[in-house]
Amino acid sequence: MAEPPVEKVSPRSARLDVILPFLVVTLIWGSTWIVIRDQLSVVPPSWSVSYRFIVAGVVILAWGLLRGDSLRLDARGWAFAVALGFAQFVLNFNFVYRAEQHITSGVVAIVYALLLVPNAILARIFLGQLMGRQLLIGSAVAMAGVALLFVHEARLSDAGPQAALLGIGIALLGVLSASVANVMQAMKTAKAYPMAATLGWAMLTGAAIDAVFAWATVGPPVIEMRWSYIAGTLYLGVLGSALAFTIYFQLIRTIGPAKAAYTSVLIPVIAMLLSTIYEGYRWSALAAAGAVLVLAGLVLALKARRPNR
């Protein structure tokens with residue numbers, strides 16, 4: 001008896017399923033650095049982080065309800081959501097906002113391009129995923145580009161060496177906490193629950209922890225009634241968090257943490273392009289060469305057929 005034909009997936013379709021969400025995430029997160037910078041004036045960073053993820057958590061849970069997803073979690077699900085919220089939405093973002101108090105948003109974005117490294121290492125340790133040769137080559141090329149961008153930004157930085165080192169150190173702590181959350185999303189526990197439930201509750205529990213920390217360290221809530229601050233909070237909550245994290249975590253589940261981390265390699269280039277338009281950023285030959293290497297490495301890595309084996 002003849003076996004039924006096996007349905008083949010179009011390579012073009014498979015690439016688009018990865019490339020389109022990849023581009024959406026990089027474009028959104030490439031723009032958030034400028035918005036975050038605008039929020040660092042009156043409101044303490046911890047309160048701004050809390051407001052952002054209250055908005056994001058409510059939006060994601062509402063989206064889950066509209067889809068008909070169950071928002072209930074068992075004990076294991078709650079433990080996972082709280083751990084994810086603490087790593088991603090408490091530690092990571094408090095480090096990001098504080099790093100931008102010491103160094104420019106461009107430098108912070110460049111430091112976060114290093115997310116590829118801990119993601120690959122932790123994926124190897126906890127998920128048993130090996131990086132293919134082409135992904136390693138692409139990573140090396142892209143990291144060379146990041147190094148050139150970093151040198152360029154360091155030369156232009158108005159911060160003194162001590163402030164710059166402090167800011168970079170804080171950003172690196174954020175990279176490590178973000179990497180932990182990234183690898184968590186590729187684990188079997190994450191896939192056992194609807195995305196809206198785990199991500200929404202992780203954001204709201206993270207926001208609650210952020211609020212407790214903010215109240216304990218800087219006092220009662222502070223809200224700046226400036227239209228750009230309110231609009232920025234909504235942008236960061238709805239697009240920069242609810243939409244972008246949903247797409248990004250799904251991307252991690254599809255192509256693995258190492259390859260998904262290439263969004264963080266491309267984001268500094270997007271951030272600098274936007275800075276050129278809105279902040280008068282001036283490109284040098286060094287920055288242009290770095291951007292070209294980043295893009296070349298990205299193309300090499302994303303063309304790898306088996307990035308995580």
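The shown structure was predicted, so the numbers you read here are calculated from the model rather than taken from an experiment.
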Any donor-acceptor N/O pair, Ser31 side chain to Ile28 backbone, under 3.5 Å: yes
Given Arg52, Gln39, Glu224, the one that forms side-chain hydrogen bond (donor to acceptor under 3.5 Å, both in side chains) with Thr233: Gln39
From Ser46, Ser177, Ser48, residue fulfilling side-chain hydrogen bond (donor to acceptor under 3.5 Å, both in side chains) relative to Asn94: Ser46
Over 12 foreign heavy atoms within 6.0 Å of CZ, Arg226: yes
Ring centre gap for Tyr248 and Trp29 strictly below 6.0 Å: yes
Nearest-0.5 Å distance, OH of residue Tyr51 to OH of residue Tyr229: 6.0 Å
Same apolar cluster: Ile247 and Ile255, side chain cutoff 4.5 Å: yes
Validation row: Arg253, Met195 side chains within 4.5 angstrom (heavy atoms): yes
Identified side-chain contact (heavy atoms from CB on, under 4.5 Å) counterpart of Phe22 within the set Thr26, Leu20, Val25, Val24: Thr26
Ala81 backbone acceptor or donor facing Thr198 side chain under 3.5 Å: no
Intermediate values then yes/no, ring-ring contact (aromatic ring centres under 6.0 Å, His included), Phe80 and Tyr193: CA-CA 10 Å; Phe80 179 85; Tyr193 303 94; 7.4 Å; no
Mutual orientation of the aromatic rings belonging to Phe53 and Phe89 [parallel < 30°, tilted 30-60°, perpendicular > 60°]: tilted
Single-linkage hydrophobic cluster, 4.5 Å side-chain cutoff, Val180 and Leu84 together: yes
